[in-house]
Enquirer: 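Attaching a single structure in structure tokens format; questions to follow.
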Amino acid sequence: MGWKDLMKNVTDKATSIAETAQEKLEEQKQLSAIKKEEQNKKMEEMNERVTEYEQKVLQNILSGFSGASCIDVEDNILDFTKDYFEKLLLPANSVSASKITMYPYSDKIQKKAQKALREYDDTETPVFQFEGNKGEFILMTPTKLYIAVAFPENQTFVANVAVDLQQVSQLGFVSTEEGYQVVCNGVELFSADNVSEFDRITIEEYVRRLEEKDFEITETQIDEVIKKKIGDNILKIIRQYVFDDELLIYFAWGMDNITAKDFVVCTNKQILMLDREMLGATKNVKQFYYEDITSMSTDQKTNGLLEFALTAAFKLCNITIYVSGAQEKIQTLYTYEAERVIRVYQEYRRSIKQDEKNARQVVVQQSAPAEDDVFTKLEKLNKLKEAGILTEEEFNEKKAELLAQM
């Protein structure tokens with residue numbers, strides 16, 4: 001075979017291989033297009049079934065409406081929720097483990113809602129969110145209850161339902177063998193696993209208060225809830241340093257590096273700091289009565305890269321307490337926990353100053369009537385003298401006695 005024939009044979013084979021490859025490529029494109037079309041069709045069918053399921057869930061909820069809303073949209077829900085968050089949710093709360101997020105710290109709710117809820121009105125302020133499993137959650141605004149539940153046929157799909165609060169006659173959280181169930185108008189929406197006792201106490205009490213319009217939160221009620229949350233072992237430690245009539249107003253867990261855990265307690269009389277050093281081997285307790293504290297401040301100073309990373313990631317900070325030229329530091333709290341401790345201090349400090357002011361006013365008011373009484377008696381003595389009942393000498397004698405009392 002000559003050189004030309006050999007080259008022709010190689011060229012023909014290369015052309016054949018290229019044509020075969022092109023045919024396979026076209027075939028793969030066609031198969032890919034068909035597969036994509038089938039996937040799109042299946043996706044459309046699945047979305048249609050999810051929509052049907054959403055309508056079914058909504059219909060069941062509306063069918064269970066008793067005719068009377070359990071939450072009055074006319075109430076100032078945001079103000080109450082802010083108060084509830086600070087006084088009953090935040091104390092002794094485990095931020096990382098909690099399934100509850102509430103106003104005013106609800107920025108992350110807004111972002112999640114915009115992404116996960118098709119009908120979400122982002123002009124509304126989120127009031128609270130409770131998370132379940134597999135992307136399930138409920139979110140309440142001042143006018144609506146948004147629900148995200150897993151689609152039973154394929155739990156990678158989530159169904160969205162929006163209900164007007166005026167059509168919600170029951171919103172319940174119930175412990176069952178399957179988990180902690182969220183119920184609306186008798187309809188079981190979803191279950192949540194591993195719900196802490198903190199969260200159960202918090203969400204059940206919150207909904208009860210909304211339904212009963214019980215918006216006033218007393219110091220005694222705060223004390224009762226905190227004691228339930230912290231448990232008997234911690235309460236036993238605290239009772240060693242407080243009077244019987246003292247009420248617990250705030251409690252926060254702190255972090256000291258990695259190896260220790262400390263906490264701060266605010267009562268209606270003082271701030272307690274307990275530091276369990278080196279895996280809890282020893283403990284150091286410090287007490288500060290509000291009248292002895294000159295000021296308090298927060299800072300985010302760190303002693304190492306690890307602490308800096310923790311501070312940046314979780315928005316942690318320290319509190320410094322200034323007392324008679326000395327200072328003590330509480331390490332390390334979440335920023336809004338630290339802010340709450342300082343607000344509690346400021347509230348009671350103002351109350352102490354107001355009590356002192358009122359006491360001074362009482363002293364002045366008590367002394368004033370004595371002077372008024374002297375002048376009244378002098379007027380009476382003068383009238384007796386003018387009437388001739390007292391002589392000038394007798395009048396001057398009595399007058400000197402009264403003036404000496406001033």
Side-chain angles (χ1 to χ4, degrees), residues 82-83 85-87 90-93 95 104-105 219 222-223 226 230 234-235 237-243 245-278 280 282-360:
K82 181 178 183 295
D83 200 37
F85 175 88
E86 290 191 343
K87 295 179 178 179
L90 193 56
N93 186 45
V95 177
Y105 297 95
E219 290 183 346
I222 298 171
D223 176 76
I226 291 177
I230 62 177
I234 298 297
L235 186 57
I237 296 172
I238 295 172
R239 280 178 170 157
Q240 299 176 47
Y241 305 99
V242 300
F243 294 103
D245 62 342
E246 272 187 80
L247 300 175
L248 305 187
I249 303 302
Y250 187 66
F251 182 103
W253 300 105
M255 296 186 342
D256 183 4
N257 295 320
I258 289 296
T259 57
K261 193 173 186 182
D262 44 324
F263 62 76
V264 56
V265 183
C266 298
T267 75
N268 56 339
K269 296 181 179 179
Q270 62 175 309
I271 294 177
L272 281 173
M273 290 169 51
L274 184 141
D275 176 23
R276 291 176 288 176
E277 300 174 351
M278 196 54 67
T282 61
K283 64 183 179 183
N284 181 24
V285 178
K286 296 176 182 177
Q287 294 177 267
F288 306 95
Y289 286 91
Y290 294 124
E291 58 264 35
D292 298 329
I293 300 174
T294 56
S295 66
M296 295 178 67
S297 64
T298 61
D299 66 80
Q300 293 189 350
K301 295 179 181 178
T302 58
N303 296 321
L305 291 176
L306 178 58
E307 287 190 21
F308 177 79
L310 287 172
T311 302
F314 297 101
K315 295 183 179 178
L316 301 176
C317 70
N318 304 324
I319 293 180
T320 303
I321 300 177
Y322 299 90
V323 184
S324 302
Q327 63 183 55
E328 295 289 343
K329 197 177 290 288
I330 302 175
Q331 320 189 70
T332 300
L333 302 175
Y334 287 94
T335 301
Y336 50 78
E337 290 180 316
E339 291 171 348
R340 178 58 184 157
V341 171
I342 291 178
R343 280 197 297 275
V344 170
Y345 155 70
Q346 290 171 340
E347 289 169 7
Y348 282 100
R349 184 68 175 170
R350 278 196 299 269
S351 178
I352 290 169
K353 288 184 176 181
Q354 185 62 45
D355 289 344
E356 292 173 350
K357 181 180 179 181
N358 292 341
R360 288 194 297 270

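Worth saying up front: this structure is predicted, and the values here are computed from it rather than measured. Index from 1, following the sequence.
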Enquirer: Can you sort out the partners of Asp223 under side chain to side chain donor-acceptor pair (under 3.5 Å), two or more places apart, ordered by chain and number?
Expert: Lys227
Enquirer: Going from CZ on Phe251 to CD on Glu337, what distance comes out if it is rounded to the nearest 0.5 angstrom?
Expert: 10.0 Å
Enquirer: For the backbone of Lys329 and the side chain of Asn318, can you confirm whether one donor and one acceptor N or O come within less than 3.5 Å of each other?
Expert: no
Enquirer: What residues, two or more places apart in sequence or in another chain, satisfy side chain to side chain donor-acceptor pair (under 3.5 Å) together with Gln327?
Expert: none
Enquirer: Using the side chain to side chain contact (heavy atoms under 4.5 Å, CB included) definition, which of the options Val265, Ile237, Val264, Ile238 pairs with Leu274?
Expert: Ile237
Enquirer: From Phe243 CZ over to Asn268 CG, what is the distance, rounded to the nearest 0.5 angstrom?
Expert: 11.0 Å
Enquirer: Could I get the full list of side chain to side chain contact (heavy atoms under 4.5 Å, CB included) partners for Gln346, not counting sequence neighbours?
Expert: Ile342, Arg343, Arg350
Enquirer: So, taking the atom named CD1 in Ile319 and the one named CE in Met273, what distance separates them when rounded to the nearest 0.5 Å?
Expert: 9.0 Å
Enquirer: Looking only at heavy atoms, which two atoms of Glu86 and Pro91 are closest? And how far apart?
Expert: O-CD, 3.5 Å
Enquirer: So Ile222 and Tyr250, side chain to side chain contact (heavy atoms under 4.5 Å, CB included) or not? Walk me through it.
Expert: CA-CA 8 Å; Ile222 298 171; Tyr250 187 66; over 6 Å; no
Enquirer: Could you go through the side chain to side chain contact (heavy atoms under 4.5 Å, CB included) check for Val344 and Ile271 one step at a time?
Expert: CA-CA 10 Å; Val344 170; Ile271 294 177; over 6 Å; no
Enquirer: Would you say the side chain of Tyr336 lies within less than 4.5 Å of the side chain of Glu339, judging by non-hydrogen atoms?
Expert: yes
Enquirer: Run the side chain to side chain donor-acceptor pair (under 3.5 Å) test against Glu347 and tell me which residues pass, sequence neighbours left out.
Expert: none
Enquirer: For Lys286, what residues pass the side chain to side chain donor-acceptor pair (under 3.5 Å) criterion, not counting sequence neighbours?
Expert: Glu328
Enquirer: Do Phe263 and Ile230 make a side-chain contact, defined as non-hydrogen atoms from C-beta onward lying under 4.5 Å apart?
Expert: no
Enquirer: State the CD1-CG distance between Ile226 and Leu235, to the nearest 0.5 angstrom.
Expert: 10.5 Å
Enquirer: Pairs under 3.5 angstrom only: tabulate donor-acceptor contacts from the side chains of residues 288-296 to other protein residues two or more places apart or in another chain.
Expert:
| from | atom 1 | to | atom 2 | distance (Å) |
| --- | --- | --- | --- | --- |
| Tyr290 | OH | Thr267 | O | 2.6 |
| Tyr290 | OH | Gln270 | O | 3.2 |
| Thr294 | OG1 | Tyr322 | O | 2.8 |

Enquirer: Which atoms form the tightest heavy-atom contact between Asn93 and Trp253, and what is the distance?
Expert: O-CD1, 4.2 Å
Enquirer: Is there a side-chain contact between Lys269 and Val242 in this structure, where contact means two heavy atoms from C-beta onward sitting under 4.5 Å apart?
Expert: no
